[in-house]
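Beneath this line is the structure, given in structure tokens, with notes to follow.
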Amino acid sequence: RMDLSWNDAANNETGFEIERVTSDGETAFLGSAPVNGTVFQDHQVIPQTEYCYHIRAVNLQYTSDYTPVVCAVTPAEDDSALYVGEDGSHISIEKPLAIDLSTFTLETWFQWSGGGVPYATESGGLAQAIPLLSSMGVSADGSQGNGLWVLAIEAQTSVLAVDFVDDIRGQHHPAYGIRPITPGVWHHAAASYDGSAWHLYLDGYLESVTPVDLPVQSSPAQRFGLGVLQRADGTPLGLFQGAMDELRIWNTARTHAQILADINHPLDAVFGEEAEE
């Protein structure tokens, strides 16, 4: 990201407008900052690339002149990542209530070794899930666990897969990608549920849309897993093996354009007019 900051020299502004400026003088509106604001973050950037900006104060009647254009180069991405799966290593977080969501988007970068321990998400779900991210619901007495949702690799076909349990029938609703995942290569996975359908993306490309039109099962207590599918007590059942990075869980169903922005695709070059959605 690019972090912008400025001195608030205005005394009657209602906010500030921030624009990106290209080398040929073209401008693009990025966003606004509130009254007395002095910071803004541009997340739609690519590492080791120069970006230029100017800012102006606005109120209900007038706008100030723009500041002089200021440019900076984004830093290179570091090479750190989380390696899981060796000797059963994984991350388990008990009772993360913030991910008990009705609509959501799951995202992560991952580099699969080709190994791992697959496990089924119960009858009607994924038959051989190598888990990337998972949420486990806990029954009232705490004795049983039920996989509310899981983003995974389907071991039999090596495609991206996702599954959740609905709150009406208690049934599983899996969805599958179409392109096999290449071991040893970094991939970006995303799955969004908007209350009516699964949207599954691999490397920014829409792989599938699977209608469901049922609410996600809610649970008073959950266990979140990174690289693991687990019981309510944390006992690992399925394990991913490889590297993971930039995990995101959103409380909304992200659009295709938003997912592309997260993975730093050059939108116009790759998707042309579709980037305008």
Does the side chain of [Y] come within less than 4.5 Å of [X]'s, by heavy atoms?
| X | Y | value |
| --- | --- | --- |
| P68 | H54 | no |
| L247 | W109 | no |
| V162 | W149 | no |
| I130 | Y119 | no |
| S5 | V39 | yes |
| L133 | L226 | yes |
| H172 | T121 | yes |
| Q217 | F164 | no |

Nearest-0.5 Å distance that lies between atom [atom1] in [X] and atom [atom2] in [Y]:
| X | Y | atom1 | atom2 | value |
| --- | --- | --- | --- | --- |
| L126 | D163 | CG | CG | 4.5 Å |
| S134 | F240 | OG | CZ | 13.0 Å |
| L151 | S135 | CG | OG | 12.5 Å |
| T105 | W250 | OG1 | CH2 | 8.5 Å |
| Q128 | Q156 | CD | CD | 5.0 Å |

Would you say the side-chain atoms of [X] pair up with the backbone N or O of [Y], donor to acceptor, closer than 3.5 Å?
| X | Y | value |
| --- | --- | --- |
| T14 | V58 | yes |
| D167 | G170 | no |
| N7 | A9 | no |
| S64 | A57 | yes |
| T49 | P47 | yes |

Does a side chain donor of either [X] or [Y] reach within less than 3.5 Å of an acceptor in the other side chain?
| X | Y | result |
| --- | --- | --- |
| S92 | Q230 | yes |
| E17 | S32 | no |
| H173 | D166 | yes |
| Y53 | E19 | no |

Within the supplied structure, the quantity of interest is the number of heavy atoms (other residues, nucleotides, ligands) at a distance under 6.0 Å from N12 CG; does it exceed 12?
yes

Which atom pairs, donor and acceptor, lie under 3.5 Å between side-chain atoms of residues 174-192 and protein residues at least two apart or in another chain?
residue : atom : partner : partner atom : Å
R179    : NE   : E207    : OE2          : 2.8
R179    : NH2  : L202    : O            : 2.8
H187    : ND1  : D203    : OD2          : 2.9
H187    : NE2  : T182    : N            : 3.3
H187    : NE2  : T182    : O            : 3.3
H188    : NE2  : E107    : OE1          : 3.0

Test side-chain contact (heavy atoms from CB on, under 4.5 Å) applied to [X] - qualifying residues, sequence neighbours left out:
| X | answer |
| --- | --- |
| N251 | L101 |
| I55 | W6, F16, I18, T67 |
| T103 | none |

Closest heavy-atom pair and its distance - [X], [Y]:
| X | Y | result |
| --- | --- | --- |
| R254 | Q258 | CA-OE1, 3.4 Å |
| L239 | G88 | CD1-CA, 3.7 Å |
| V150 | P131 | CG2-CB, 4.2 Å |
| L160 | A152 | CD1-O, 3.5 Å |
| V69 | C71 | CG1-SG, 4.1 Å |

For H199, give me all partners under ring-ring contact (aromatic ring centres under 6.0 Å, His included), at least two apart in sequence or on another chain.
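In terms of ring-ring contact (aromatic ring centres under 6.0 Å, His included), with neighbours along the sequence ignored, H199 is linked to no residue.
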
Take N59 and E13 through the test side chain to side chain donor-acceptor pair (under 3.5 Å) and record every step on the way to the result.
CA-CA 5 Å; N59 61 29; E13 85 278 3; over 6 Å; no

Partner of L82 by side chain to side chain contact (heavy atoms under 4.5 Å, CB included), out of T108, I91, D245
I91

Hphob cluster co-occupancy, [X] + [Y], side-chain heavy atoms under 4.5 angstrom:
| X | Y | result |
| --- | --- | --- |
| V45 | F29 | no |
| Y193 | L132 | yes |
| I249 | W198 | yes |
| Y66 | L30 | no |
| V73 | V21 | no |

With sequence neighbours excluded, tell me which residues meet salt bridge (charged side-chain N to carboxylate O under 4.0 Å, His left out) with D213.
none

Please check if the distance between the ring centroids of H256 and Y201 is under 6.0 Å.
yes

Check against side chain to side chain contact (heavy atoms under 4.5 Å, CB included), L214 and R169
CA-CA 9 Å; L214 288 168; R169 305 168 186 166; 3.9 Å; yes

Sidechain N-carboxylate O distance under 4.0 Å for R20, D42
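Result for this pair is yes, salt bridge flagged.
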
